[in-house]
Protein chains: 2
Amino acid sequence: MPFANERMSDDLKQDDDDRERVEGAPESVPKAVVSRLSLYQRELQRLISTGEPTVSSNRLGQLLGVSDAQVRKDLAYFGQFGHPGIGYHCPELVARIRKILGTDQERRVALVGVGNLGRALLGYKGLEKQGFRVVAAFDADRAKIGKSISGVPIQHLDELSDVVAAQQIRLAILTVPAEEALGVADRLAQSGIEGILNFAPIRLQLPPHVNHVTVDLAIQLEQVCFAVVNREATP
Amino acid sequence: MPFANERMSDDLKQDDDDRERVEGAPESVPKAVVSRLSLYQRELQRLISTGEPTVSSNRLGQLLGVSDAQVRKDLAYFGQFGHPGIGYHCPELVARIRKILGTDQERRVALVGVGNLGRALLGYKGLEKQGFRVVAAFDADRAKIGKSISGVPIQHLDELSDVVAAQQIRLAILTVPAEEALGVADRLAQSGIEGILNFAPIRLQLPPHVNHVTVDLAIQLEQVCFAVVNREATP
DNA sequence: GTCTGTGAAAATCTTCACAGCC
DNA sequence: GGCTGTGAAGATTTTCACAGAC
């Protein structure tokens, strides 16, 4: 994970339904599976851009360092996408994965905390390439209000609720200092935000209907450091 | 995972040695364990700053959303740090964990790719708070060379090897565009860098003695999006 | 009584291996 | 021949539960 520190539910319901999964919510999916789905989708886009019409689980897995069985099992959580003897049709599979992830439509995102990291993310192309659009930025510092960064206007935190409602924003990126993170996260929840990508190195406590993933950059570097100091190998 | 996409070895050796782990490299440690070690260490620092001398596995776990048994098992990989009937002595445990992670001494870090994200990380206090110091930044763009950002001088990529050797830098942060990431990662490896924290949304291929962790920000946001669209709950 | 450290059990995740389709 | 989808086997990770230390 990245390592990242995430907390998202797995409910334990056993899915003994063997009808074909038509749509929507499979009972319980390991988060590692969802993470790999994102990887697959990215690699598939690359394959498409090089003109490959189809790909086998074996090849896709090799490109990403994952076993062929793993690729097939991961996809099987959501239905049957492959064609025996042929493999997976790249554009079709991309479309299916985007639908699963919810990135088949453009997702509007609010960013809160226009410091160093926040500014960087406002200018980061990698997010919109995957279907996210940061449409509003917020900060408590009056000096920053009114400016635009990368075309995104910076507004005061007090406007949060109104803007979220008006623009029907469901996702937020939280890039405020650790000390303020808990308070601001509360305000996000109260504003109707449903999912938060948190960069503060702190455990958020949120109502159960608000999902979040925390990315702690120092922890990631510590992982690398541990591996180096303990002379591990990257296979 | 954060989802992050990491690839670090687990070797499968069975550790049937029941002498006390005196030091150094435990045979094989799940990366999730190492990741939690970082969490523990952060929370312990907070406890120390509020004046708590000791903490039980139960309390530490509660603060972080982890079971008490998990805390104990994680620490048991590296030795015996606790005191029955009392718990763990916070300062002692912090010191032990830092030693395990390799952050007991200041680690010099090189940053390559002074774009939006790179600049943000140069100004990010969270890294040095955990014992990392970015001492050199590199870019291929001549226009950026010579300036300093947050006190870190920007040098040309061609200087990489010399600077890494002169300053004995072992860790690097890679914040170049995806298209250049593979090539630059090669140069890092050849310069003697031993660990890379990679932000390019691409799978690095590196010699086995160079460890790396990839943080893909778009993937993290996709995880949140999936959870929201599929109405999961955060317990 | 409190708390750790740890085998044993449970749950989860990954790989194997093969039936069935192209 | 090549390939997917999947039950069964295997491996790993987490939780349970308790002996032993304070």
Side-chain angles (χ1 to χ4, degrees), chain A residues 1 3 7-21 26-36 40 53-62 64-90 92-93 96 235, chain B residues 1 7-21 26-37 40 53-62 64-90 92-93 96 235:
Chain A
M1 145 193 178
F3 243 27
R7 236 142 275 319
M8 291 196 305
S9 85
D10 293 62
D11 55 313
L12 306 170
K13 257 209 215 142
Q14 177 61 29
D15 184 16
D16 43 37
D17 179 345
D18 45 56
R19 274 171 285 129
E20 191 164 13
R21 270 320 171 348
E27 300 303 334
S28 147
V29 183
K31 76 191 169 39
V33 171
V34 183
S35 183
R36 284 191 296 265
Y40 300 156
T54 66
V55 66
S56 67
S57 59
N58 189 297
R59 178 138 150 64
L60 183 57
Q62 264 183 329
L64 295 167
V66 165
S67 77
D68 57 339
Q70 181 88 80
V71 172
R72 295 199 297 278
K73 263 273 155 69
D74 286 349
L75 295 174
Y77 274 96
F78 302 95
Q80 312 200 147
F81 308 124
H83 306 280
I86 290 153
Y88 300 87
H89 188 54
C90 296
E92 182 194 337
L93 189 50
R96 299 281 215 116
Chain B
M1 301 191 52
R7 240 141 271 320
M8 291 196 302
S9 86
D10 296 60
D11 55 315
L12 306 172
K13 253 206 217 146
Q14 178 61 29
D15 184 16
D16 44 37
D17 179 344
D18 47 56
R19 273 171 288 132
E20 193 164 12
R21 258 348 156 337
E27 299 301 337
S28 148
V29 183
K31 78 189 169 37
V33 170
V34 183
S35 182
R36 284 191 298 263
L37 242 43
Y40 300 155
T54 64
V55 67
S56 67
S57 58
N58 189 296
R59 176 137 150 64
L60 183 56
Q62 263 182 330
L64 295 167
V66 166
S67 77
D68 57 339
Q70 181 88 80
V71 172
R72 296 198 299 275
K73 262 275 155 69
D74 286 348
L75 296 174
Y77 274 96
F78 303 95
Q80 310 198 148
F81 309 123
H83 306 280
I86 290 152
Y88 299 88
H89 188 53
C90 297
E92 182 194 340
L93 189 51
R96 300 283 214 112

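Below, read A as the first sequence line, B as the second, and so on, with proteins coming before strands; counting in each chain starts at 1.
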- Query: To the nearest 0.5 Å, how far apart are CG in B:L75 and CG in B:L37?
  - Reply: 6.5 Å
- Specify the separation, in whole Å, of atom NE2 of A:H83 and atom P of D:dG5. 9 Å
- Task: Output yes when at least one side-chain N/O atom of B:Q80 is less than 4.0 Å from OP1 or OP2 of C:dT6, else no.
- Result: yes
- Query: Could you give the CD-to-P distance, from B:Q62 to C:dC3, as a whole number of Å?
  - Reply: 11 Å
- Item | Closest to side chain of B:A32, choosing from D:dA17, D:dT6, D:dT14 | D:dT14
- Task: Check the distance between D:dG2's C1' and A:R72's CZ and give it to me in whole angstrom.
- Result: 12 Å
- Note on the structure: Per nearest nucleotide of DNA chain C, the residue lying toward the 5' end, B:S57 or A:I86, is B:S57
- Message: Nearest to the side chain of B:Y88, heavy atoms from C-beta on, is which of C:dT4, C:dT6, D:dT13?
- Response: C:dT4
- Starting from P on C:dG5, measure out to CG on B:L60 and report it in whole angstrom. 13 Å
- Note on the structure: To the nearest angstrom, the CG-P distance between B:D74 and C:dT4 comes to 13 Å
- Message: Is the shortest side-chain heavy-atom distance between B:V71 and B:N58 below 4.5 Å?
- Response: no
- Query: Is there a side-chain contact between B:V33 and B:F78, using heavy atoms and a 4.5 Å cut-off?
  - Reply: yes
- Query: B:G85 near the nucleic acid: base, sugar-phosphate alone, or nothing, with a heavy-atom cut-off under 4.0 Å?
  - Reply: base
- Tell me, do A:D74 and A:Y40 make a side-chain contact under 4.5 Å, heavy atoms counted? yes
- Under the side chain to side chain donor-acceptor pair (under 3.5 Å) test, which residues partner B:Y88, sequence neighbours left out? none
- Would you please confirm or rule out a distance under 4.0 Å between OP1 or OP2 of D:dT14 and any side-chain N or O of B:R36? yes
- Query: Whole Å only: how far is the CG atom of A:D68 from the C1' atom of C:dA17?
  - Reply: 11 Å
- Query: Taking atom types as they are modelled, is there a donor-acceptor pair under 3.5 Å from the base of D:dT14 to the side chain of B:K73?
  - Reply: no
- Check the distance between D:dC3's C1' and A:H89's NE2 and give it to me in whole angstrom. 16 Å
- Within less than 4.0 Å of OP1 or OP2 of C:dC16, is there a side-chain N or O belonging to A:Q70? no
- Message: C:dT14, OP1 or OP2 - any side-chain N/O from A:S67 closer than 4.0 Å?
- Response: no
- Message: If you compare every side-chain N and O of A:Y77 against the phosphate oxygens of C:dC13 (OP1, OP2), does one of them come in below 4.0 Å?
- Response: no
- Integer-rounded Å distance: D:dC3 P and A:L75 CG: 16 Å
